[in-house]
Structures are given as structure tokens and as C-alpha cells.
Amino acid sequence: MSAQPTDFLTGEELSGGQLLELLERAVWMKANPLGSDVLARRSVALIFQRHSTRTRVSFEAGITELGGHPLLLRTEDTQLARGESIRDTAYVLSRNVAAIGIRTGPDALVRELAQHASVPVINMLTAEHHPCQALADLLTLRQEFGHLQGLKLAYVGDGNNVARSLAIVGALAGVEVAVAAPSGYQLDPVAGAQLTDDPMVAVQGANAVYTDVWVSMNDSPESAAARVEALRPYQLSDQLLAAAAPGAIALHCLPAHPGEEVTESVLYGERQRIWDQAENRRHAQKALLELLCGPR
Ligand code: CP
């Protein structure tokens, strides 16, 4: 039996069995939104050093539904902005809350926080990883197809943190992940991901076609024009979706830029499950919080 994970930084902390159990629990959470009070009268600190809509709302609402209190910490309001160290912040938060979520840039900062914290640390997005998003995406696939093993997901566009987390967490669940990106924007080789520069190759036999913004929060504004130009052939359109497996669905972690990485007809069309993904953030993260903060 695998040990209960202490943190959730990349998704690799979970065994395949733990991931499937977590997703089953998330299905249950969705059907029973007030069914668990694992955080009753406890607080969870949420440190945001980057913008967010879905992550903040889904964590705050989910923690409340679990009986807990979400403590929003924007960097500019804390002593982090005045130079207090991550180590000292980890010590102080650990004396007061049940868990710490953090959205920031450098992965090293999150690892340092986890090293010094004595409560679970959750990565709510870094430059390299977005594992909470990948949990919600697998929950969306699980609900659409009834299973995960043997499904294929094609990711088209920028080989970014979302693509990396899908590759890592997808491999744990037996989902084949293919990433189509142009030279210079491709994902580094990670376990199980099939890499190509041809979107038509990636979507062949795919049950889901996924994309994300072309200019992410961690990309410099100066690089935007070049990124858009290079990534234009990778737009998620009805034509690309038609080349995937029959019944394939369209996914996007949002926020979307219709006309760039996704067409408006896909974003609001019949084959998208994009708004389900956004809702599933809450259910998947509640199951994660229960796993990390529940009795050991
Ligand atoms: N998908 C996602 O993480 O959305 P936010 O940036 O709005 O949190």
C-alpha cells in the first residue's frame, strides 16, 4: 500500500491507485457537495502571487463546503512583500492552518515552502506545473467516458505547465497524452507523453482535444507576438476536432482567447466540456484536501 502523500506539488506524489481513488471520491463530492466536514473549524491559507479566477473561487468555495475557512493571502498584503523568507512564512503558517496552497512562478519556491512547512502544501500553479488543473481534467474525462484507462488526450499548442501536468497525471491514470507543439514551444520529454509538431498526428484517435492560452502568466509580454505567430497553426477548431476519434470532446483550462488558441464555435459548441472542467476544479480539490488533511 502506498503511503499517504504529505504534499501535492507535481502530481507525482500520488500512486496510480491513490489517484483513481481520489477521482472516485471527487465524483462522490460532486454528488454530495456538503457530504464531508473534514476541515471543520480549520483554516487553509491560500497564497496568491499570480492572478486567478477559477483556482481562487474553487478553492475558497470548496474549503467552505468542507467546513473550513479559506484564508486568502495576496503577496502584497503579507510580509513576504517586505522580504520575510519563505522558510519563516512556512513555520508561521504551519502553526495556524491545516494546509497551505500557493500560486507563484518558481517551482523552487514551492519546494522550499513544502520543505519547511509541517502541514500539506498544494501547488495551485507554478511556471512548470498545474497539477490541480490536471485532476479536474481527469475527473471531466472520467465523467464523460466512464473510465480513464486506454483513453487518448491530444494537447495542441504551447507545451506549458498545463501540458506537463496532463502528461504526468495522465500517465498515472493510464491516459495516453500526445502533445503537438512547434519547435521552440514543445514540452520537455516526460513520462508517457508522445511529442509531435503535427496537430493532425496528435489528434488521431484522441478522445479529447485540449488547448491553453498561447501567452501565459509566466511569459514575457515582449514574446507575445512571436508566440501567437508560431502557435497559430495549432488552433483548436471544428476541423481539428473532426479529425479526432468519433465523440471526441474539446477541453480548455481557461481563461480563453476566442479566435486565438480556440475558435468561438468550439468554445461554446456542443462538443466542449470546458465549463464542466471549471466546475470540476472544486470537486477534485475537495477530494485532494480530504486526502491530505484527513485522519492519517
Ligand atoms: N485554469 C486556471 O487555473 O484558472 P485561473 O488562472 O483563473 O485560476
Side-chain angles (χ1 to χ4, degrees), residues 8-11 26 30 44-65 70-76 99-107 109-110 121-141 143 153 155-170 177 179 187 208-221 224 227 231 236 249-258 260-262 266-268 272-289:
F8 188 69
L9 308 189
T10 66
K30 192 167 183 172
V44 176
L46 303 174
I47 303 172
F48 280 95
Q49 301 191 321
R50 295 285 188 279
H51 293 92
S52 171
T53 297
R54 278 141 293 273
T55 303
R56 176 178 169 185
V57 169
S58 57
F59 265 104
E60 285 205 36
I63 290 163
T64 303
E65 287 179 359
L71 253 173
L72 179 70
L73 298 175
R74 278 191 294 247
T75 302
E76 61 267 28
I100 306 167
I102 181 164
R103 167 170 286 208
T104 188
D107 283 77
L109 188 152
V110 180
V121 171
I122 299 172
N123 180 347
M124 302 195 298
L125 182 145
T126 52
E128 303 292 323
H129 296 278
H130 199 358
C132 291
Q133 180 66 53
L135 289 183
D137 301 336
L138 290 192
L139 176 59
T140 307
L141 289 175
Q143 293 225 278
L153 181 148
Y155 177 98
V156 293
D158 184 23
N160 62 11
N161 51 359
V162 171
R164 183 174 294 101
S165 288
L166 283 168
I168 291 170
V169 180
V177 175
V179 178
L187 192 60
V209 184
Y210 195 122
T211 193
D212 187 13
V213 293
W214 289 341
V215 185
S216 297
M217 284 182 285
N218 288 303
D219 297 321
S220 71
R227 298 180 71 83
L231 290 160
L236 174 46
I249 59 172
L251 299 176
H252 191 313
C253 58
L254 301 172
H257 297 76
E260 289 192 8
E261 77 281 354
V262 64
V266 170
L267 180 61
Y268 303 112
Q272 62 75 22
R273 298 294 180 271
I274 292 167
W275 313 105
D276 292 333
Q277 276 178 278
E279 177 188 336
N280 285 339
R281 291 290 304 272
R282 175 164 48 93
H283 309 303
Q285 289 158 189
K286 283 172 68 183
L288 175 67
L289 283 161

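Heavy-atom basis, side chains included; hydrogens, waters and symmetry copies ignored. Position 1 is the first residue of the sequence; numbering continues from there. Atoms within a ligand are numbered from 1 in the order they appear, just like the ligands themselves.
- Of all protein heavy atoms, the one closest to atom 4 (O) of ligand 1 is Arg54 NE, 2.8 Å.
- Looking only at distances, no side-chain donor or acceptor of Asp276 sits under 3.5 Å from a matching main-chain atom of Thr140.
- Under a 4.0 Å heavy-atom criterion, Leu254 is in contact with ligand 1.
- If you number the atoms of ligand 1 from 1 as listed, the ones under 4.0 Å from a heavy atom of Arg281 come out as 1 (N), 2 (C), 3 (O).
- Across all their heavy atoms, Ile63 and Val44 have their closest contact at CD1-CB, 3.6 Å.
- Judged by the shortest distance from any of its heavy atoms, Arg56 lies outside the 4.0 Å radius around the atoms of ligand 1.
- Side-chain contact between Met124 and Phe48 is present, with at least one heavy-atom pair separated by less than 4.5 Å.
- In terms of protein heavy-atom proximity, atom 6 (O) of ligand 1 is closest to Arg103 NH1, 2.9 Å.
- Among protein heavy atoms, the minimum distance from atom 7 (O) of ligand 1 is reached at Thr53 N, 2.7 Å.
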Determine, stepwise, if the pair Asp137 / Gln277 fulfils side chain to side chain donor-acceptor pair (under 3.5 Å). CA-CA 6 Å; Asp137 301 336; Gln277 276 178 278; 2.8 Å; yes
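- At a threshold of 4.5 Å between non-hydrogen side-chain atoms, the residues Asp158 and Val215 do not count as touching.
- Atom 1 (N) of ligand 1 has Cys253 O, 2.9 Å as its closest protein atom, hydrogens excluded (heavy atom only).
- Applying the salt bridge (Lys or Arg N to Asp or Glu O under 4.0 Å) rule to pairs touching residues 44-56 yields Arg56-Glu60, sequence neighbours excluded.
- Under the 4.0 angstrom criterion for non-hydrogen atoms, His130 is in contact with ligand 1.
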